[in-house]
Amino acid sequence: MDDLIFILAITLKSSIPVLLASLGEIITERSGILNLGVEGMMLVGALAGFVVGQQSGSLLLGFGGAMAAGMLLALVHAFFCIHLRASQVISGLAVTILATGLSSFLGRPFIGRVGIHLGSLPVGPLAEVPLVGPVLAQQNWLCLAALALVPLTAWALAGSWPGLSIRAVGEDPEAADAAGVPVAPIRYACTLFGGLLAGLGGAYLSLVYTPGWKEGMTGGQGWIAIAMVIFATWRPGRALLGALLFGGLTALQFYFQATGAELVPAWILRLLPYLLTVGILFLVTVLKRTRFGAAPAALGQPFFRG
Amino acid sequence: MENGPPSDPVLRLSGICKSFGATEANRDIDLDVFAGEIHAILGENGAGKSTLMSILAGRYRPDRGTIHLKGRPVHFANPAQALAAGIGMVYQRFMLVESLTVTENILLGLGRGRLRLDMARAEGEIREFAGRYDLQIDPSQTVSRLSMGERQRVEILKLLYRRAQILIFDEPTAVLSPPEIETLFGILRRLRDLGHTILFITHKLEEVMTLATRISILRRGEMVGSFAAGQVRSRRELARRMVGREVLLEVERPAVTRGETVYAVRDLTVQDAAGRPLFEDVALSVRRGEILALTGVAGNGQGPLTAALAGLLPDVSGQVEFLGRTWAASRWPRAPRGGMVYIPEDRHATASVPELSLVDNFLLTRLGRYRRGPLLALSQARRETVRALAAFDVRAPAGPDTTARQLSGGNLQKFVLSRELAGRPALIIAEQPTSGLDIGATEEVWQTLLAQRRHAAVLLVSGDLREVLSLADRVAVMFRGRIIETVSARDPRQAARVGLLMAGIRD
Amino acid sequence: MAITIEEKTSALHPLATTALAVVPVFLVGAVLFALLGTDPLEAYRVMVVGAFGSWFDFSEVLVKAIPLMLTGLSVAVAARMLLWNIGAEGQLVFGGIFAAGTALFWAPHMPPALVIPALVAAGFAGGALWALVPAVLKARWNVNEIITTLMFNYVAIIFMEHLYFGPWRDPMGMGFPGTAMFKQVAWLPRFFQTRIHLGLFIALAAAALLYFALKYTPWGYRVRVIGLSDRAARYAGFAFGRQQVMVMLLSGGLAGLAGMGEVCGIHMRLQQGLAVGYGYDGIIIAFLARLNPAAVPVAAVLLAGLIVGGEQLQTATHLPASISLVLEGALLLAILGASFFNRYRLRRTRSR
């Protein structure tokens, strides 16, 4: 029982950064912009969150700083993709490279420093509920907010006016434009929203998950988030599933480490998230041709009126 | 209403000019449109009709000139502004988001400042609205599942829902079957009766004669004239004004003796990823010396069938016989197809590579012939390209170093023909070989194909009824993935049935 | 008044565009230096002198340029066919692993004359092998190669760490994360009394060969057509999937050679510090060179200068060397921006 609680709690806890980043990326890609800068935005978000939090002593400012930093990078990407009609692949990669360098360059003085961090949720009497209580007690409000964001983004895409515009812009910007939908502003907004959540996901790492700043502390989670968008076939609900899968593998790694039971060598466990991502991507790509939804039709293509 | 010009035009364009780079699409155009008329904008491809109407609809901004709506000057920065002023356009490529429903498409762009979208209620509203105009449509259906005629109705609804008074149509019949065309004409007349003004772009004389109350003719970017439909005496006169010279509406077909069967297929069937058949049980055969036309309304399976016939579609079942050898259709894509050439519809990005020079493009399907050891025989390819350009009268500004992108549509098509016909093929599959070409280039392509009958079998895939009936010896008509009948094009009684067959009517 | 974007008829020479792109990059760097309280001009002076100030410094730039040329070629050749090989890093690592395995376990039992060719072959094979799965997934099922090649980078690095922390660890290494040093027969020959090794000539030859092959052979013609228009390529009946797999294998092999060069020409063992981002640098180099193999060596030397300059800066002033990464990212963005202004012109239009 304790083992199960341990694994479940860490699963949930570890899945949040990937969940946040992939929810953001879903919105971005639904509007037709491919953002490969997520990894960089998470890194800069992690650094900004830590630094602002440490300097100001305020968690709120920390998270706010992280979101602002992510959005700033997203603005760069959006400008290059939307106004300069650049290749979205190269622009995204460039943003990741730039952000990796920036976080390392500016973050050097903060390595090993102690900052602030977000504590666990006061669950009160809920703690007595078997399984749910103890698992919940190890979470925090950001985790709950991230979970709440899943139905919220799903509703926004399916049942709201802005969601209709976003879907139209990502599927056929020319038709959307002809119908009077402001294509460029919507794409900007969606890209910025993606950057905001990526930054927040990064700050979760540096302010909640493993408080402190470490170079390259995202360890590819931004890339995994992008893969999870494909796994989720651009739907928020399935993104939660993908993120939990990733969190589960991380939890198993911790579990084996903690119990010393080397059922599977540690290095294999470290490989699994990456291999699994490839495997999932493969399955989804092969299966989607028959049953699942497809990518937004205009994903990755610049739009401009003739 | 048709006698005597009404006093005030609802719409007046004066001195409209528009250039794209070096090409002048519209030059100093004046046009008056009167309320309640069905106004045809007639002209050849490239005459500037679409540009002019797109300016009116706010898609382009004119370089010079003014637009007056009900006597007041207007400037449209985008289509939304034109629509707000009551002018809407149905483009040739429908501006619908295919993965969205009818209702979503109609509502798109109207939700400024609002958040919650109650789809069930919206669908009810749209159903009621469509009923008012007697337009049959299911508001909850996804657009990708609609026929072309239904999509067109969604476009019309979209404009009406936005209170458009003036509706512009760009070649509205291009994608419709003859009965659907009748339905559309009915809708347009009804809209006119309800007080709307209709403008439609076309190059088809028959449509102008049956539908228009007023006709304006554009030629090479200039306005040739504008007059009431009653003033036109004959199609020939209209054609002369449109083209600027006397045109042949008949093609000479020198007699050629039929030879052996070059190419035959049986039981060809293929399904899409969802298991729906793209075409089924197709059988046809072509002999040397004849032109077999494969026709049908767009979207009835000719596209995939042509790809399959040309050996570009995998997983087809059935049999293929070519030059006396028989293949399982599934193996046809990998079979040696020397002697067969395929001229695809898309000459700009499939039959040629826009960025490459004509020499490089000449190599595209003839790579095997220009090898010297492990290298390309570039100088030989260059010599033969120069020869081919001369033989087919391709106007290339920089000769063989011209990039494919620099050629006009007609010259590019002639270049593709010169390449494909260079090896004296036994079978030619030509897909929509004259779409988008002007009358001059069309005649040249037709003569070329007719001449090829001397040594080849020709399979012409075309949705253009006039082209089909002018060139073909026999016509195979496709409807919903099947060839519903093959008739002789040289027997007037049978030829007259082709239009109905395209709509699936066999009687 | 409004601003419209028009296509330009004439364009600047690519070199001029690239030169122009450098200006904003230097400005970004200057701002960062100023932020950290350093005189930007002084910092740049240290970087330039550190990289190009003496023959020895420049030889170090060339040493750095060797793997960069190879990963640059790797990315460029794949990109010519519209394949995004973001996995040069992992392929470099696997080339290194294969070369190290050959050097450690095979070279001692081999005629000495065959050792170097065997190392080159092993490096190429290792990189190609690591590109094989993404290549087949892409060609056969159209699985997004950006994600697969990228994920494989992490897998390769973890696997390499497992090797040198585990089964291949130097028993005499006293905990040093690396294998034992190779026997001298498995060292790539060095030249000019510097650390410049055989890899430089391999890389230059590869660049020349690729340039030539793309231009004058049927294979190169097919690659160019596929890269420009896949529809035209299918129409012409080019074996699309097979060509994709082949180019990805070639791309992986080139990156593998880079790993081999590092392992057998610099470290002489498999150790920590092999995966330092040369694969990602390759992306920048490929686009600096506009995917032209002949221009890749030049771009690689430029980028190597930037990296060496950054390292010199760190030694001299304790500013983090990662400034070069920042400048690289900014450079890539600047090139993207410059190519926009090269293609289009902005025009103010009156809309009364």
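Taking CG from Asp172(A) and CE from Met95(B), the interatomic distance works out to 7.5 Å, rounded to the nearest 0.5 Å. Annotation: the span from Leu107(B) atom CG to Trp161(A) atom CH2 amounts to 4.0 Å, rounded to 0.5 Å. Separating the CG atom in Leu164(A) from the CZ atom in Arg114(B) is a distance of 11.0 Å, to the nearest 0.5 Å.
For Asp118(B), the CG atom sits in a packed shell: over 12 heavy atoms of surrounding residues, nucleotides or ligands are nearer than 6.0 Å.
Taking Val97(B), Asn105(B), Leu100(B), Leu110(B) one by one and counting their heavy-atom pairs under 4.5 Å with chain A, the maximum is reached by Val97(B). Ranked by heavy-atom pairs under 4.5 Å with chain B, the list Ala176(A), Ala158(A), Pro162(A) is led by Pro162(A). Counting heavy-atom pairs under 4.5 Å between each of Arg93(B), Lys158(B), Arg162(B) and chain A puts Arg93(B) at the top. Interface summary for chain B: among Gly180(A), Gly159(A), Ser165(A), the most heavy-atom pairs under 4.5 angstrom belong to Gly159(A).
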